[in-house]
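Order of the sequence lines sets the chain letters (A, B, ...), proteins ahead of strands, with each chain counted from 1.
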Amino acid sequence: MSSRWAIRRSSGLVSVLAAAAVVLSACGSGDYAATPLPTPQPTPSTTATTSGPAAPTTCTPSAVTSYAPLPTLDTAAVPPSIVARQSLRVGVSADSLLLGARNPLTNAIEGFDIDMAKAVAKAALGDENKIQLVVIQSADRIPDLQNRTVDMVARNMSMTCDRWNTIAFSAEYFQSGLKILVPRNSKVVSLDELKGKRVCAPNGTTTIDFIRSKGVEAVGAKTHTACLVLFQQGKVDAIAGDDTVLAGLVAQDPYAFVPKMSALTSEPYGLAFNKDDKDFVRFTNTLLDQMKADGRWKAIYDKWFAGPLGAAPPPPTSVYGRT
Amino acid sequence: MSQQSSTAPARRPGPPTPAPGRPGGPAGMPPPAPPGQLTTTAPVLPARGGGLRAVVRSAFEGTPGRMRVIAAVVALAAAVFGVVGANSLWTSSAALERADHNTTQVVRVQSIYSDLVRADAAATNAFLVGGLDTTGQGPAYDEAVAHVAATVAAAAEAQPADGAALGALNQQIQTYTSLVEQARAYNRQGLPVGATYLTNASTGLRSGALPIVTLLTQANTDRANAEFRQSSNGLALGISGVVALLVLLGGLLWLARRSHRYLNVPVLVAVGLVLVALVAGAFTLGQVGSTVTTVRGTVFDTTLDLATIQSSAYDAKANESLTLISRGSGQAFEKAWQGQSTLVKTTIGYIDTAGDATLSTDLNAKWAAYSAKHQEIRSQDDGTKTVASNWDEAVRLAGLPTSTAGSANATFDAFSQATADGLATYSQQTSDQVLAPRTAVTIVGWALLLLCLAAAGLAARGFGQRLEEYR
C-alpha cells in the first residue's frame with residue numbers, strides 16, 4: 001500500500017519534472033542576441049583638410065617668376081635618370097576633363113596638360129610617347145616631386161610663393177582663374193552669396209583655403225570630379241575651381257553651370273619640378289617660349305578649350321629673373 | 001502525538017488509508033460515515049485541514065515514517081536524475097542541430113562577403129579594360145550581385161537575430177550597386193566622372209558593407225561555438241547522477257542496518273540501473289564532446305579557412321584592378337593585394353595543419369600560378385629605374401579573358417574554383433559530422449529516462465517490502 005503510494009507520488013513528480021524539462025530545453029532554443037552593427041564613422045570624402053596656415057600671396061621674386069631659359073634646347077640639361085630610363089614620368093590628373101582625363105572608350109589619358117607634357121617628352125627624349133603618365137591627386141603633387149616619384153607635374157598647378165619654397169616651376173603656361181559652379185537654375189553669381197552653404201574643393205589646393213576664408217562651409221574631396229559626384233548627390237551646393245576645370249565638369253553634367261563672373265583669383269599654371277632640377281626647368285622654359293611664339297601653344301589651347309571657353313587668348317607672358 | 005509509537009514500533013500508527021482498489025479520495029480523507037454512527041476503526045477526525053495535517057504527520061512518524069521519507073527521497077533522486085540526465089542529452093542533440101544551423105549561417109554569410117568582393121573585382125576589371133567589355137566580367141558582376149541578393153534573403157530567414165544587421169547590409173549593397181550602375185552609365189558616355197563613381201562604390205563597399213558582414217560572421221561563429229560547448233555540457237547530468245547514486249547507496253545502507261539484512265535486491269538493482277544510466281549518459285556526452293572537438297579542429301576549421309581564403313583572394317583580385325585604375329598612384333591598393341596574398345597563403349597553411357595536405361598543396365600551387373601572373377602585371381606597370389613602365393601592356397595582361405589559358409584571369413579562376421569546390425565539400429562534411437550523433441544521443445536520453453524511472457520504481461518497491469514488515 002505505502003509502496004504504491006511512494007511510486008504514485010514519485011511518478012507524479014516525474015511528470016512534473018518532465019514537463020519542466022520540456023520548458024528547460026525550450027529555453028536554450030537559440031534565442032540569440034541581435035548581431036551588432038558597426039559604429040558609424042564620418043565619411044572621409046567630406047572631411048576637409050587644409051594645406052596649412054595661410055600662405056603669403058606676395059613675394060620677391062613674384063610667384064610667376066621662373067629661371068631664365070637656356071639659349072637653345074640643349075638636351076644635356078635633361079636629368080640623366082630620365083635619359084637612362086628613356087621615359088619622362090609625369091604626374092597628371094586622369095579625371096579633369098579637357099586638362100587631363102582618361103577617355104573611358106580608348107583608355108588614353110588626354111587633355112591640355114597631357115599635350116604640354118608630351119611636348120616636353122618630345123623635346124627631351126625625341127619622342128612624345130616616351131612618357132609615363134602617373135595619375136596623382138592634388139595633395140600628392142608636392143610630395144611626389146620631392147621624393148622623385150615623378151619627374152614633372154602637369155596637373156593644373158598654380159604657381160604660389162609658398163610652393164616655390166619646396167618645388168620649382170616653369171614659366172607660366174596657362175592663365176586660369178577661380179570661379180564657382182552652381183546648379184543651372186541657380187541665381188548665384190558670386191561666392192559671397194554662398195555664405196554658409198556647402199562648397200566643395202579638392203583637399204590640398206589653394207582653392208579650399210581661399211573659399212574657407214570667405215565664410216562658406218568648405219567641403220573637401222579627393223579631386224574636382226569627386227566634388228562633381230557630391231554635387232550630383234546633393235551633398236554640396238556648389239563647387240569652387242579654376243574656370244578650366246569647371247568647364248570640364250560642366251561638360252559632364254548638363255545641370256551644372258558656371259555663371260558669368262569675373263575670376264575671384266588669378267591662377268597662373270606652371271609645370272612643376274623637383275627643386276634641384278633647375279637646369280631642366282630652364283630647358284622647359286626654352287621650349288615653352290618656342291611654343292608660345294610658333295603657334296603650337298595656341299593650337300593645343302584651341303584643341304581643348306576653343307569650344308567651352310572661346311578662342312585662345314594671347315599666351316601668358318613668361319617672367320624670368322629667379323636665381 | 002501517539003504514545004504507543006515508542007513502545008510498539010510494529011504497530012502501524014495513524015489513520016487508516018483507503019482499502020486497495022477502493023475508490024477513495026486522497027490519502028487522509030476518511031470514508032464518509034453515516035450520521036450518528038461511529039466508526040470502530042478510526043477516531044472521528046476534526047476539521048478537514050487539520051485531519052490532513054495529522055495524517056501526513058503521523059505517516060512520517062517512527063521508523064516506518066522515516067522509511068517512507070527515505071523511500072520517497074531515494075525514488076525521487078533516481079527520477080530527478082532520469083529527467084535531468086535525459087534533458088541534458090536531448091539538449092545536447094538540440095544544441096548540435098543549432099550548431100549546424102549556425103555553422104551553415106557562417107558559411108552563408110561568408111559567401112555574401114566573397115560574392116561582394118567578387119562583384120567588385122568583376123566591376124573594376126571590366127572598367128579597367130575600357131570601351132566595350134570584352135572580358136565577360138560584366139555578366140560576372142551581375143551574377144555575383146544576384147547571388148548576394150538571394151543569399152541575404154536566405155540568411156535573414158535562417159537567423160532572425162541577424163535580421164537588423166542584414167537589413168543594414170542590404171541598404172549598403174543597394175548604395176553600392178547604384179553607384180556601380182551610375183559608373184557604368186557615365187562610362188558608356190565616355191565621361192571621367194564614371195571612374196570616380198566606381199572608386200566611391202569600391203571604397204563604400206569596404207567601409208560600409210564589408211564591416212557588417214564581418215560582424216555577422218563573428219556573431220554566427222560565436223553562436224556556433226556556444227552551441228558546440230552546450231552540446232557536450234555534462235555538468236547537470238554528472239551532478240544529478242552522482243547525487244542519485246549516493247542517495248541510493250545511502251538508502252541501501254540504511255535499509256541494511258534497519259532490517260538487519262545485508263542487501264535489498266530491488267534497491268541494489270536500482271543502484272545498478274542508475275550506475276549504468278550515469279555511465280551511458282556521461283559516455284555519450286563525452287563522445288559528443290570528442291566529435292565536436294574533432295569537427296572544430298578539422299572540417300569546421302577548414303570550412304572557415306576556405307571561406308577566408310575565398311574572400312581574401314577576391315579582395316586581392318579587386319585590388320589588382322584598382323591598382324591599375326589608379327595608374328601609377330595605386331601603391332595603397334598593391335599593398336592591400338600583398339596583405340591579402342599573405343593572408344591567403346597563411347590560411348592555406350592552416351588547412352595543411354588540419355590534415356588536408358592534398359587540398360593545401362593544390363591551392364598553394366594555384367595561388368602561386370596566379371601570383372606569378374600578378375607579378376608580371378606589376379612589373380609591367382611599375383617599370384624599374386632603367387626600364388620604362390608599360391601601363392597599356394599591364395592592362396592588357398590584366399584584362400585577358402578567362403578563356404585565354406595562362407592569363408591572370410584564367411589562373412585566378414582556377415584558384416577560386418578549387419576553393420569553392422573545397423568549401424562546398426567541407427561545409428557538407430561539417431554538417432554531416434555535427435548532425436551524426438544526434439539520433440544516438442536522443443535514444444540514449446530516452447533509455448536513461450526509462451532506466452532511472454525503473455530504478456525509482458524498484459527502489460520504492462524495495463522499501464515497500466520492508467514497510468510491509470511493519471504491518
(message) Taking atom CD as the centre, does B:Glu393 end up with more than 12 heavy-atom neighbours from other residues, nucleotides or ligands that are less than 6.0 angstrom away?
(response)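 Counting other residues, nucleotides and ligands, CD of B:Glu393 exceeds 12 neighbours.
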
(request) Please flag which part of B:Leu169 lies under 4.5 Å from any non-hydrogen atom of chain A: side chain, backbone, both or neither. (result)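 Neither the backbone nor the side chain of B:Leu169 comes within 4.5 Å of chain A.
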
(request) Side chain from CB out, backbone as N, CA, C, O: work out which of these in B:Asp222 comes under 4.5 Å of a heavy atom of chain A, or both, or neither. (result)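 B:Asp222 has no heavy atom closer than 4.5 Å to chain A.
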
(message) For A:Leu249, which atoms come within 4.5 Å of any heavy atom of chain B: side chain, backbone, both, or neither?
(response)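 When you check distances to chain B, no heavy atom of A:Leu249 falls under 4.5 Å.
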
(request) Sort A:Ala226 into side chain, backbone, both or neither according to what part of it lies under 4.5 angstrom from a heavy atom of chain B. (result)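 For A:Ala226, heavy atoms of backbone and side chain both lie under 4.5 Å from chain B.
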
(request) Mind ranking A:Thr223, A:Ile109, A:Asp253, A:Val150 by heavy-atom pairs under 4.5 Å with chain B and telling me who comes out on top? (result)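 Most heavy-atom pairs under 4.5 Å with chain B: A:Ile109.
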
(message) Below 4.5 Å, heavy-atom pairs only: which of A:Lys130, A:Gln232, A:His224 has the largest tally toward chain B?
(response)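 Ranked by contacts with chain B, first place is A:Gln232.
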
(request) Could you have a look at B:Asn102, B:Leu179, B:Thr214 and say which one has the most heavy-atom pairs with chain A under 4.5 angstrom? (result)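 Most heavy-atom pairs within the cutoff with chain A belong to B:Asn102.
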
(request) Report the option among B:Ala219, B:Gly190, B:Gly208 that has the most heavy-atom pairs separated by less than 4.5 Å from atoms of chain A. (result)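 Heavy-atom pair counts peak at B:Gly190.
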
(message) Closer than 4.0 angstrom, basic N to acidic O: yes or no for A:Lys303 and A:Asp115?
(response)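 Result for this pair is yes, salt bridge flagged.
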
(message) Do B:Pro192 and B:Tyr186 have side chains that approach each other closer than 4.5 Å (heavy atoms only, starting at C-beta)?
(response)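 Answer no - side chains too far apart.
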
(message) Among residues at least two apart in sequence or on other chains, which ones pass side chain to side chain donor-acceptor pair (under 3.5 Å) with A:Asp276?
(response)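 So A:Asp276 forms no side chain to side chain donor-acceptor pair (under 3.5 Å) with any residue.
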
(request) Just jot down the side chain to side chain donor-acceptor pair (under 3.5 Å) partners of B:Arg223, sequence neighbours excluded, or say none. (result)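 Once residues adjacent in sequence are excluded, the partners of B:Arg223 under the side chain to side chain donor-acceptor pair (under 3.5 Å) criterion are A:Thr35, B:Asp162, B:Asn220.
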
(message) Under the criterion side-chain hydrogen bond (donor to acceptor under 3.5 Å, both in side chains), I'd like the reasoning laid out for A:Thr205 against A:Ser138: C-alpha separation, chi angles, the key distance, then a yes or no.
(response) CA-CA 7 Å; A:Thr205 58; A:Ser138 304; over 6 Å; no

